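In what follows, a single structure is set out as structure tokens and then discussed.
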Amino acid sequence: MVLSLARVALRATARPALAAAVRPAAFTAARYSSHQAEESYEQFNERYQAFFSQVGDLFELQRGLNNCFAYDLVPSTDVVEAALRASRKVNDYATAVRILEGVKEKVENKGQYEAYLTELKPVIEELGIQTKEQLYNL
Amino acid sequence: MSLLRVAAVRAAAPLSARAASTSAVHVVSSRSNDGPALANIEASWATLPASEQLEVYQQLEQVQKQDWKQLSTDEKKAAYYVSFGPHGPRTPVNPPGTGIKVFAGTLGAVALALGLFGLARARAPAPPATWSREYQEESTEYLKKQRSNPISGIASEGYKGKGMVMVDN
């Protein structure tokens, strides 16, 4: 009786080890990382566009902006447009100006900034936003 | 009884808060027609007392609710400055002109050091009589004559060193 119990216990401990040993090759190649899979640029933009279009107050907007502009990439024009519209929604002109300033800070050169501005021209004119350079004649 | 009183206080609290906020808005509306308050807020913001800063902030909050195309440049600038201007936590660690100041200070310190060095050199007494080429060459000859260190040193065969000569010129 005792012997059979011991055998059962042994078998129970032996089994997981065995199962681990015959793990399919495909799984062993997976990267074991504390992080989730890397997000693509498109997914990032979609996520923040969705976030900015549902923003309800200034704090949320600025929190989202801080997160969004903390990445090592420049958010797409769709995201920036959503953010500008969000700042209109929460009635904060200063944040709208700050968003454009943030874009200027993130892009690599002046040409890219100009490209963003021309691409965003419709929404900028619709909302009546001026860039910091226009405000202070820089 | 005490429970009831707490409830009554709770019920009264939002009313008083609301009354306070409406009175604040009232103050704002009385101020919103005086323009100069916003005109050069960059200059006056730092010296405004906290209560007036709050007033300006609330005034700007109301202003920004309009169509943004109708805002004046002053209002736009004021809104931007109050939110993101270089004050409070955004005060620059090194205000403009710091670089020049540091550079000038460093130059001044180096010039002062050079001046002190030159002064000390100028006021120093003349070098001793032993510090001349003739004296030192003569010392070498003297050492050679009395065969000083004859195996590897100054009096050895084919000696190429400078001997006792330490003067540069």
Side-chain angles (χ1 to χ4, degrees), chain A residues 52-53 55-70 75 77 80-107 113 116-117 120-138, chain B residues 17-18 21-22 24-25 28-29 31-32 35-46 48 52-97 99:
Chain A
F52 285 128
S53 45
V55 146
D57 61 13
L58 183 59
F59 177 82
E60 274 293 287
L61 171 61
Q62 292 186 343
R63 186 179 72 85
L65 284 170
N66 272 340
N67 291 339
C68 181
F69 280 85
T77 47
V80 179
E81 183 179 338
L84 289 177
R85 290 195 186 284
S87 59
R88 174 68 267 194
K89 198 162 102 187
V90 301
N91 292 322
D92 201 82
Y93 184 83
T95 301
V97 178
R98 191 70 163 176
I99 291 168
L100 295 180
E101 200 188 338
V103 170
K104 189 186 180 192
E105 204 55 39
K106 290 301 279 187
V107 294
Y113 178 55
Y116 262 86
L117 285 188
L120 290 167
K121 202 165 190 172
V123 63
I124 286 178
E125 278 177 1
E126 182 196 329
L127 299 179
I129 302 166
Q130 282 185 299
T131 62
K132 193 188 174 194
E133 299 90 76
Q134 286 166 341
L135 273 184
Y136 287 94
N137 298 319
L138 294 177
Chain B
R18 203 173 298 153
S21 71
T22 46
V25 167
V28 164
S29 62
R31 256 196 89 124
S32 63
L38 287 183
N40 196 5
I41 198 77
E42 286 92 341
S44 55
W45 180 259
L48 280 184
E52 279 185 48
Q53 285 185 344
L54 180 65
E55 262 178 47
V56 170
Y57 180 76
Q58 287 168 334
Q59 183 187 350
L60 283 170
E61 239 176 7
Q62 296 301 318
V63 160
Q64 289 179 81
K65 283 181 185 168
Q66 320 167 19
D67 185 359
W68 288 348
K69 285 175 206 158
Q70 283 158 17
L71 300 189
S72 69
T73 311
D74 277 343
E75 286 167 338
K76 289 175 184 176
K77 275 188 184 177
Y80 180 81
Y81 184 84
V82 168
S83 293
F84 298 110
H87 52 79
R90 267 177 295 277
T91 312
V93 177
N94 297 317

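Letters A, B, ... mirror the listed sequences (proteins, then strands); counts begin at 1. Values in this document were obtained by computation on a predicted structure and should not be read as measured data.
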Is it true that atom NZ of A/Lys121 has more than 12 heavy atoms of other residues, nucleotides or ligands lying nearer than 6.0 Å? no
Answer yes or no: does atom CD of A/Glu133 have more than 12 heavy-atom neighbours from other residues, nucleotides or ligands under 6.0 Å? yes
Taking every non-hydrogen atom, the tightest pair across B/Arg90 and A/Arg98: CD-NH2, 3.8 Å
Under 4.5 Å from a heavy atom of chain B, the part of A/Glu126 involved: backbone
dist A/Lys132:NZ -> B/Phe84:CZ (nearest 0.5 Å) comes out at 11.0 Å
Please classify the contact of A/Glu125 with chain B as side chain, backbone, both or neither, using a heavy-atom distance under 4.5 Å. backbone
Taking atom OH as the centre, does B/Tyr57 end up with more than 12 heavy-atom neighbours from other residues, nucleotides or ligands that are less than 6.0 angstrom away? no
With a 4.5 angstrom heavy-atom cut-off, could you sort out which part of B/Gln66 is near chain A: side chain, backbone, both or neither? backbone
Any side-chain heavy atom of A/Asn91 within less than 4.5 Å of one from B/Glu61? no
Closest non-hydrogen atoms of A/Ala94 and B/Ala79, given as atom of the first, atom of the second and distance, are CB-O, 3.4 Å
Working to the nearest 0.5 angstrom, can you tell me the gap between B/Trp68 CH2 and A/Ile124 CD1? 11.5 Å
Calculate, to the nearest 0.5 Å, the distance between atoms CG and NZ belonging to A/Asp92 and B/Lys65 respectively. 11.0 Å
Atom of B/Lys76, atom of A/Tyr93 and distance for their closest heavy-atom approach: CD-OH, 3.1 Å
Less than 4.5 Å to any heavy atom of chain A: does that hold for the side chain of B/Leu60, its backbone, both, or neither? neither
